[in-house]
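Input: a single structure, listed below in structure tokens.
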Amino acid sequence: MSDSNNAEILMAQPRGFCAGVDRAINIVNEALNRFGAPIYVRHEIVHNAYVVNELRDKGAVFVDELHEVPKGGIVVFSAHGVSQEVRKDAEARGLQVYDATCPLVTKVHLEVVKMCKEGFTVLMIGHAGHPEVEGTMGQVKEGVFLIEKLGDVSALPFSAEEKIAFVTQTTLSVDETKEIVEALTQKFPNIVQPRKQDICYATQNRQDAVKFMAPQVQVVIVVGSATSSNSNRLRELAEKLGVPAYMVDAPEQLKPEWFAGKKRVGLTAGASAPESLAQSIVSRIQEFGPRHVRALDGVVEDVTFSLPKNLVD
Ligand code: 0CJ
Ligand code: F3S
């Protein structure tokens, strides 16, 4: 590592928790405070190992499927949302549900339902197997088709005369989605778009912040877990901008050679990564050389979402 005392760490603005993640974690904490352990959570509440471990230590029990929750148990749905089938299953099992689906995901769910009711075929741009995609596509029984990449557009078996609309996952690459939307618009000139893009404000702002930071640094560290879609997009974006980028969710994962000879290190964090974890990663980077930490300019977010009514009443 360069022992250059003027080497520095530049912190992206904004980074880390979004309003939907903050709310989802608060819901689990509030349920634990009110009802005590165990509180079951379907899927990781957010895709971050540190957050999940911390809640597990307090008594949250993470399950993949609802049959793992005992009858009458309390279950929280994760920030990524669930299908109608999962909702019905919870009801049939007599579970007490607290829904931590991000309101911005619910907004997309409602678009899908509305479009299908109006007779549209709905195309969903997103990543196969991601819980948000399963939840959004699962708002209706049929009529939603997944597009994962640009190449999928030409293979779509619909004619330009059909009623077609699209929605997207909230955490996609803004630039890649734009390309897919352009191809869709070319193939289906009458395609109906969401009034405001489905990629959420937090995804957009964190990607914009990486675009601002990347040209100023020689390596980018993204704080985020491997399962986190939005964190992965930040790492890919930095690399596309020509800067080596690594994603970590614990300080021990940092390698000294990543920082060798680097005068400026950029740091950002996915929407599910806590600031305390980002700070412990900064401290570890400082052991490798760059001491000075500088906050970059960027958008200051003031979005907040209230807790579900059935939890605060
Ligand atoms: O899907 C969401 C509502 C985003 C939740 C926050 O981020 P994370 O990392 O849990 O989820 P993604 O894999 O969707 O980015
Ligand atoms: Fe919601 Fe966007 Fe966060 S959809 S959970 S505000 S990343």
Side-chain angles (χ1 to χ4, degrees), residues 1-18 21-22 24-25 29 44-58 60 62 171 202-203 205-301:
M1 179 71 230
S2 78
D3 73 340
S4 35
N5 286 331
N6 55 359
E8 52 180 1
I9 303 170
L10 272 51
M11 307 288 283
Q13 170 63 32
R15 63 177 179 277
F17 277 11
C18 61
V21 164
D22 202 44
I25 296 169
N29 276 321
E44 294 192 328
I45 185 73
V46 297
H47 290 146
N48 188 270
Y50 182 95
V51 169
V52 166
N53 289 336
E54 215 173 38
L55 290 173
R56 195 179 276 130
D57 288 347
K58 293 187 195 170
F62 292 89
T171 54
T203 300
N205 288 346
R206 280 152 193 68
Q207 288 178 20
D208 287 348
V210 166
K211 284 184 183 171
F212 178 67
M213 176 174 75
Q216 307 180 53
V217 299
Q218 289 132 11
V219 60
V220 166
I221 301 299
V222 178
V223 184
S225 290
T227 43
S228 169
S229 165
N230 77 87
S231 307
N232 277 296
R233 303 295 83 79
L234 296 177
R235 196 201 63 75
E236 284 169 8
L237 176 58
E239 277 207 330
K240 269 182 207 149
L241 295 167
V243 186
Y246 305 95
M247 193 166 73
V248 294
D249 64 0
E252 313 81 75
Q253 294 163 4
L254 295 165
K255 299 211 168 100
E257 57 266 30
W258 296 346
F259 309 100
K262 306 287 196 297
K263 293 205 93 162
R264 288 209 191 101
V265 175
L267 189 129
T268 185
S272 47
E275 183 60 15
S276 56
L277 177 60
Q279 288 304 329
S280 66
I281 284 166
V282 167
S283 301
R284 182 74 181 136
I285 296 172
Q286 285 175 312
E287 289 172 24
F288 297 135
R291 295 269 148 73
H292 188 68
V293 178
R294 178 155 60 95
L296 290 170
D297 286 338
V299 171
V300 177
E301 295 172 339

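In what follows, residues are counted from 1 in the order of the sequence shown.
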Please tell me whether N48 and S272 have a donor and an acceptor in their side chains that are separated by less than 3.5 angstrom.
no
Does the side chain of E236 come within less than 4.5 Å of M247's, by heavy atoms?
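The answer is no, as the side chains (C-beta and beyond) never meet within the 4.5 Å cut-off.
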For residues L234 and Q207, determine if any side-chain heavy atom of one lies less than 4.5 Å from a side-chain heavy atom of the other.
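Yes; the side chains approach each other to less than 4.5 Å.
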Between E239 and R235, does any NZ, NE, NH1 or NH2 come within less than 4.0 Å of an OD or OE carboxylate oxygen?
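Salt bridge: yes.
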Carboxylate-amine/guanidinium contact R284 E252, below 4.0 Å
no
Side-chain donor or acceptor of [X] paired with backbone N/O of [Y] under 3.5 Å:
X    : Y    : value
N230 : A271 : yes
Q13  : V299 : yes
R206 : G16  : yes
Q218 : K263 : yes

Check the pair Y246 / L254 against side chain to side chain contact (heavy atoms under 4.5 Å, CB included), numbers first and verdict last.
CA-CA 9 Å; Y246 305 95; L254 295 165; over 6 Å; no
Please step through side chain to side chain donor-acceptor pair (under 3.5 Å) for the pair D249 and Q253, ending with a clear verdict.
CA-CA 7 Å; D249 64 0; Q253 294 163 4; 2.8 Å; yes
Step through the shown structure and confirm whether more than 12 heavy atoms of other residues, nucleotides or ligands are within 6.0 Å of CG on D297.
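Check fails, neighbour count at 12 or below.
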Evaluate the side chain to side chain contact (heavy atoms under 4.5 Å, CB included) criterion for residues F17 and V46: first the C-alpha distance (whole Å), next the side-chain angles of each, then the deciding distance (0.1 Å), finally the verdict.
CA-CA 10 Å; F17 277 11; V46 297; 5.8 Å; no
